[in-house]
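This chain uses plain numbering: 1 for the first residue, then up along the sequence. Ligands are counted one by one from 1 in listed order, and the atoms in each one are counted from 1 as well.
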Amino acid sequence: MKFQTHNKKLKDWVEKMARLCQPDDIVLINGSAAQKEALEIEAMASGELIQLNQEKLPGCFLHRTAPDDVARTEHLTFICTKKKHDAGPNNNWMSPAGAYRKAREIFKGAMRGRTMYIIPFSMGPVGSPFAKIGVELTDSRYVVLNMLVMTRAGDAVLRQLEKEDNFTKCLHSKAGLDINKRLILHFPEDNTIWSVGSGYGGNVLLGKKCLSLRVASFIARKERWLAEHMLIMGIEDPRGRLNYIAAAFPSACGKTNLAMLVPPEGLKKKGYRIWTVGDDIAWMRVDSDGALWAINPETGFFGVAPGTNSKTNPNMVETVKKDTIYTNVLLKNDGTIWWEGADGPVPLEGVDWQGRPWRQGMVDASGKPVCGAHANSRFTTPITNCPSASFRLEQHHGVPISAIIFGGRRQYLAPLVYETFNWQHGVFSGATMASERTAAASGQVGEVRRDPMAMLPFCGYNMGYYFRHWLDMGKRMVKPPKIFHVNWFRTDKHGKFLWPGFTENLRVLEWILDRCDNKVEAVKTPIGYLPQPKDIDMTGLKLEVGAMEKLLEVHTENWTEELKGIKKFFQQFKKDLPEELWQEYYALQERLKNT
Ligand code: OXD
Ligand code: MN
């Protein structure tokens with residue numbers, strides 16, 4: 001074994017896991033360019049990676065997963081706490097003993113004929129008081145190469161570990177990539193994650209959802225900080241002042257696009273500029289100044305490819321031109337790639353995400369279009385290649401947060417933006433966040449899915465306790481950030497979007513920051529403070545007559561109806577739902593009655 005460490009805990013654990021998985025070889029990932037290159041060469045030889053056209057896409061590769069291994073598998077994802085109650089109604093639960101027993105059977109000998117890679121990684125700048133260390137053992141080169149993009153991995157972390165001795169033990173094996181032997185297990189009480197039988201990023205890049213959200217949220221409650229499914233962005237105003245916001249949206253609401261938006265012409269002229277800190281995860285702490293500070297623990301984006309183009313996300317289009325690992329996209333004949341909704345013309349032909357010949361306009365037996373790229377095809381790409389990357393990514397204390405934004409996809413209910421009355425009311429707005437299903441998702445169109453703080457699939461413990469933790473965090477701050485709610489998806493009665501979204505969303509963020517600075521008045525409504533239409537800068541953007549008024553309408557009947565859904569959702573947490581959230585519920589009910 002090519003592995004030396006003074007950390008006895010690490011050494012003992014690696015040896016124990018190696019005895020279980022029985023790899024032929026063990027290799028420590030040191031983070032060097034030479035080792036990375038050697039792994040790429042091996043991965044090309046094994047077929048795990050296809051090298052793309054190096055003139056057009058330098059440093060880029062394509063990977064294809066198994067067709068039944070293309071997304072996170074929530075029904076195979078478990079929180080394994082001693083008490084079932086601690087996992088809450090929001091998680092699948094297994095007892096730790098039962099889960100270890102079941103998974104051990106699958107891990108037994110699973111790495112025979114393979115190499116076990118040891119990846120020491122840091123979520124957050126190495127040595128930062130915010131950072132947490134993990135070590136992932138994996139038999140997948142694809143995982144190693146992705147982890148090198150998404151995390152700080154290698155020798156520097158190992159050296160830090162010799163001082164700290166505390167790390168999340170992450171074990172992954174592809175095993176047989178068998179969906180019937182696939183388990184994503186979290187043991188937050190043991191600071192351990194076991195993932196087996198999958199090769200899909202969200203299930204196997206264990207620093208991401210598994211550590212940075214599920215396990216970290218559990219630790220964060222104990223250590224009094226927040227691990228959230230949020231983007232972090234800096235907004236530089238015309239005076240050169242930088243304010244940072246953190247924002248949570250359910251999936252398919254454009255979180256990544258917002259995090260790196262290019263200001264629309266009107267606002268660019270004024271002097272606005274965006275600095276991207278992160279697109280997916282925020283770790284936030286109360287610092288010694290009593291304010292909330294945030295880091296993005298990751299170093300890369302693991303973004304959804306379809307729909308990414310120069311209109312929706314010009315900065316991402318730039319970012320993915322080099323050093324990027326693409327997963328499940330269409331391969332073109334010239335060794336470049338394409339996905340539905342990419343720039344440029346639809347290619348005439350290529351090789352689809354399953355490795356099959358593909359032609360433009362192809363339909364399946366039932367007449368449905370055959371996609372070249374999988375709907376959840378991805379790119380893994382370094383944040384430092386992003387033109388709007390923040391210059392504070394390595395800052396050990398992160399960035400101070402001025403505003404927290406929650407959002408959802410609501411056709412009729414939520415206005416374009418509202419400010420909550422205070423922290424407690426803000427927590428209520430986060431706890432009741434929801435999106436309506438679009439035609440793209442299975443299930444009934446229009447059905448409301450609650451996704452509190454966009455954390456429903458990622459909160460590593462009982463969400464009742466999580467809401468309590470959020471409420472307590474507000475009390476720990478001298479000046480907590482203001483909390484806002486936005487909805488880019490309101491439509492007119494014909495189903496047409498009233499707001500253009502994308503880059504224009506900066507106009508709403510400008511109002512949010514003006515409110516944080518007490519620069520503009522607002523209109524008090526039963527649900528919160530709303531903008532006066534004149535306070536949203538519309539330079540260079542023309543909406544249909546009356547659209548802004550419609551975007552800002554609050555319909556008492558719709559909100560009264562909404563209360564029913566909220567009540568049902570809250571009731572499942574029984575006694576664990578903090579009383580304060582019921583107070584907010586009844587206070588809203590009263591305000592609606594009195595209008
Ligand atoms: C993601 C997700 O991949 O939220 O970021 O599913
Ligand atoms: Mn996410």
Side-chain angles (χ1 to χ4, degrees), residues 63 65 69-77 90-91 123 142-143 146-147 149-151 184 186 195 198-217 226-233 246-260 276-284 294-308 312-313 316 319-320 324-329 339 373-381 383 386 405-409 430 433-435 437-438 440-442 449-460:
H63 170 80
T65 65
D69 192 19
V70 291
R72 287 183 291 103
T73 37
E74 282 170 23
H75 66 294
L76 302 174
T77 300
N90 47 299
N91 280 304
M123 300 314 296
Y142 171 76
V143 168
N146 274 270
M147 287 292 282
V149 177
M150 297 303 295
T151 73
I184 322 298
H186 305 73
S195 164
S198 174
Y200 170 73
N203 290 335
V204 301
L205 308 180
L206 299 184
K208 194 172 182 59
K209 302 299 185 183
C210 300
L211 193 163
S212 290
L213 290 177
R214 297 196 191 96
V215 169
S217 62
L226 292 165
E228 297 300 322
H229 191 200
M230 287 182 175
L231 67 87
I232 310 167
M233 68 197 278
F249 296 88
S251 59
C253 287
K255 198 154 115 253
T256 301
N257 299 343
L258 184 66
M260 56 193 74
T276 308
V277 181
D279 80 325
D280 198 38
I281 297 171
W283 284 1
M284 304 192 285
I295 61 161
N296 166 19
E298 303 187 286
T299 52
F301 306 121
F302 180 62
V304 176
T308 305
T312 58
N313 196 337
M316 190 59 98
T319 309
V320 299
T324 299
I325 303 169
Y326 293 95
T327 302
N328 291 343
V329 297
W339 49 79
H374 187 272
N376 191 33
S377 55
R378 299 270 175 157
F379 41 72
T380 317
T381 194
I383 193 167
C386 179
I405 301 175
F406 295 121
R409 179 185 273 273
M433 244 171 82
S435 263
R437 273 183 204 275
T438 59
S442 58
R449 298 218 297 180
R450 305 248 155 232
D451 187 358
M453 284 83 169
M455 280 289 278
L456 196 62
F458 305 118
C459 181

Phe301 contact mode with ligand 1 (heavy-atom cut-off under 4.0 Å): neither
Heavy-atom distances under 4.0 Å are what count here, so tell me which part of Arg378 touches ligand 1: side chain, backbone, both or neither. side chain
Nearest-neighbour protein heavy atom for atom 4 (O) of ligand 1, which is reported as residue plus atom name and distance: Lys209 NZ, 3.0 Å
Are any non-hydrogen side-chain atoms of Met433 and Pro250 less than 4.5 angstrom apart? yes
Which protein atoms of type N, O or S are found under 2.8 Å from the Mn ion (ligand 2)? Lys209 NZ, His229 NE2, Asp280 OD1
Ligand 1 atoms nearer than 4.0 angstrom to some heavy atom of His229 are 4 (O)
Where does the angle between the aromatic ring planes of Trp339 and Phe379 fall among parallel (under 30°), tilted (30 to 60°) and perpendicular (over 60°)? tilted
Listed by chain and number, what are the side-chain hydrogen bond (donor to acceptor under 3.5 Å, both in side chains) partners of Asn203, not counting sequence neighbours? Thr73, Ser198
Between CE of Met150 and CG of Asp280, what distance do you get to the nearest 0.5 Å? 7.5 Å
Contacting atoms of ligand 1, where contact means under 4.0 angstrom from a heavy atom of Asp280: 5 (O)
Pro457: which of Arg72, Lys209, His229 passes side chain to side chain contact (heavy atoms under 4.5 Å, CB included): Arg72
Assess the side chains of Asn328 and Ser377: does a donor N or O sit below 3.5 Å from an acceptor N or O? no
Among all protein heavy atoms, pick out the one at the shortest distance from atom 6 (O) of ligand 1; state its residue, atom name and that distance to 0.1 Å. Arg72 NH2, 2.9 Å
Closest heavy-atom contact between Leu231 and Phe249? CD2-CE1, 4.3 Å
Interatomic distance, OG1@Thr276 vs CG@Asn296, rounded to 0.5 Å, equals 10.0 Å
State, with a plain yes or no, whether a side-chain heavy atom of Glu298 is found less than 4.5 Å away from one of Thr151. no
